[in-house]
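One-based numbering, in listed order, for ligands and for the atoms of each. The shown structure was predicted, so the numbers you read here are calculated from the model rather than taken from an experiment.
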Amino acid sequence: MATPARQTLRQMERTETLAATDAGIARAADLLREGRLVAFPTETVYGLGGNAARDETVARIFEAKGRPRFNPLIAHVPDIAAAERIALFDPDARALASAFWPGPLTMVLPLRDGAAISPLVTAGHRTVAVRLPAHPVARALLAAFGGPVAAPSANPSGRVSPTRAEHVLAGLAGRIAAVVDGGACAVGVESTIVSLGDAPRLLRPGGVPVEVIEAALGRPVPPGGSELAPSAPGQLASHYAPGAAVRMGARGAETGEILVGFGPVRGDFTLSETGDLVEAAANLFHILREADALAGPDGRIAFAPVPDKGLGRAINDRLRRAAAPR
Ligand code: TXA
Ligand code: MG
């Protein structure tokens, strides 16, 4: 009878909030070396980091998030040399790395033989997702740690991604060793994921608009076979889910709805009054949380239409998942 309570106690730990200073980053790197979990800021969202070479640490990441399945994770590296130690780069990959790294692009590449990457990071695939983030705190931490860091977004599975340290603590306090507080994330939606190989494929729209990637490659990058790109709306996995129900494409609020505006549609909150997609992406997850708090249990949130181009594709992708049946 006492077992569940004891298990809960065993899982709880004191979560340190570390300043984004040399001392805070050094402490965070020490914790990573001990195999502990540390949330850290990237330019997209906060990541829940752990040593990507250690099976037990990677398993703890899934446990801390309450992830029902072992989805593959992104390996974060401080520089291109570190990326080339774990993955095989072809000319397309090199072109994208030089155009967009450091920055919000993740590439799925063939795993290098003998790479020090836990098979839990790749979910046993022969490919690995690699990302070189632009955030100075992320880069300093990755350099200080000195190895690849597996990091999904630092939120409980299926919930809204965190763009501030307080969002991380709201979801994961007591389940991770520390969070490095680097303030609000500038991009606000996760990295774009592209798989390379025979033909480039878009696995997830994100912080680098796919149109810009296509221009850099001189080739189309169509949506690819991934659980992240379901072929029919009914297959959309619920994700990024607030407590409230979400409706998209709203020109105004219906009774009882909290309205999130964009451009000419003014709401209780507004993603961007000037219709700026960069500003809207940066505000998206914070406003989703604030609107959720205002809507209350069983509340409803309506979002004004956002154009489906540039960063608008990533915004609409996240909103469709927030609106998906649960
Ligand atoms: O911006 C971001 O990418 C953030 C920050 C923290 O870097 N990270 C992030 O990680 O969004 P996560 O775990 O929430 O999303 C990673 C996605 C997974 O859903 C997975 O399906 C895909 O990347 N992925 C990882 N490795 C893959 C692989 N080898 N093949 C296909 N997809 C892969
Ligand atoms: Mg996530």
Side-chain angles (χ1 to χ4, degrees), residues 37-50 52 58 61-62 64-77 86-88 100-112 115 117-135 137-139 141-142 148-163 167-168 171-172 179-180 182 185-197 200-208 223-230 237-241 281 284-285 311 314 317-318 321-322:
L37 304 184
V38 176
F40 61 97
T42 80
E43 72 278 22
T44 59
V45 301
Y46 276 71
L48 169 51
V58 180
I61 293 175
F62 291 107
K65 281 186 68 94
R67 248 195 203 185
R69 288 174 298 143
F70 285 175
N71 294 341
L73 301 177
I74 298 171
H76 295 67
V77 294
I86 59 174
L88 301 175
F100 302 111
W101 279 1
L105 172 72
T106 295
M107 287 193 274
V108 174
L109 300 170
L111 181 66
R112 184 179 283 283
I117 291 288
S118 162
L120 282 174
V121 171
T122 60
H125 292 120
R126 303 176 66 88
T127 54
V128 62
V130 189
R131 163 151 149 71
L132 204 173
H135 197 294
V137 174
R139 298 193 69 190
L141 176 59
L142 292 167
V149 169
S153 51
N155 51 280
S157 183
R159 311 305 295 194
V160 179
S161 298
T163 52
H167 299 165
V168 175
L172 296 175
V179 56
V180 184
C185 301
V187 176
V189 290
E190 293 85 346
S191 61
T192 302
I193 306 181
V194 167
S195 72
L196 297 174
R201 296 278 179 191
L202 177 69
L203 302 188
R204 175 176 74 184
V208 180
S226 161
E227 54 170 321
L228 295 171
S238 167
H239 211 101
Y240 306 97
L284 176 67
F285 289 139
L311 284 180
D317 170 79
R318 305 309 185 266
R321 290 170 201 284

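- Between the CG atom in L141 and the NE2 atom in H76 there is a gap of 11.0 Å [rounded to 0.5 Å].
- Under a 3.5 Å cut-off, the side chain of T192 and the backbone N or O of G207 do form a donor-acceptor pair.
- V194 has its side chain out of reach of F100: every pair of non-hydrogen atoms, C-beta onward, lies at least 4.5 Å apart.
- For the Mg ion (ligand 2), the N/O/S atoms of N155 include none lying under 2.8 Å.
- In L203, the part holding a heavy atom less than 4.0 Å from any atom of ligand 1 is the side chain.
- Inclusion of R131 in the set of residues having an N or O under 3.5 Å from an N or O of ligand 1 is warranted.
- For the pair H125 (side chain) and T127 (backbone), a donor-acceptor distance under 3.5 Å is absent.
- Ligand-side atoms of ligand 1 in range of I74: 3 (O), 8 (N), 9 (C), 10 (O), 16 (C), range being under 4.0 angstrom from any heavy atom.
- Near A151, the atoms of ligand 1 lying under 4.0 angstrom from a non-hydrogen atom of the residue are 6 (C), 8 (N), 10 (O).
- For the residue pair I61 and G50, the shortest heavy atom distance occurs at CD1-N, 3.9 Å.
- Comparing R204, E190, R126 by heavy-atom distance to atom 15 (O) of ligand 1, the nearest is R204.
- Of all atoms in ligand 1, listed by their number and element, those nearer than 4.0 Å to a heavy atom of S191 are 1 (O), 2 (C), 3 (O).
- Ligand 1 lies out of reach of N71, whose nearest heavy atom is not under 4.0 Å from it.
- No hydrogens or angles considered: a donor-acceptor pair under 3.5 Å links the side chains of T44 and R131.
- Close contacts of ligand 1 with G47, meaning ligand atoms under 4.0 Å from a residue heavy atom, involve 6 (C).
- The backbone and the side chain of P152 each have at least one atom closer than 4.0 Å to an atom of ligand 1 (non-hydrogen atoms only).
- For the pair K65 (side chain) and N155 (backbone), a donor-acceptor distance under 3.5 Å is present.
- The distance from ligand 1 to the heavy atoms of A129 drops below 4.0 Å at these ligand atoms: 25 (C), 26 (N), 27 (C).
- Classified by interplanar angle (parallel below 30°, tilted 30° to 60°, perpendicular above 60°), the ring pair Y240/F285 is parallel.
- Contacts of I193 with ligand 1, taken as heavy-atom pairs under 4.0 Å, involve the side chain alone.
- Partner of E190 under the side-chain contact (heavy atoms from CB on, under 4.5 Å) criterion, chosen from C185, P205, S161: S161.
- Taking all heavy atoms of V108, T127, T42, T44 into account, the minimum distance to atom 1 (O) of ligand 1 is reached by T44.
- Contacts with ligand 1 closer than 4.0 Å are made by side-chain heavy atoms of R67 only, the backbone lying farther away.
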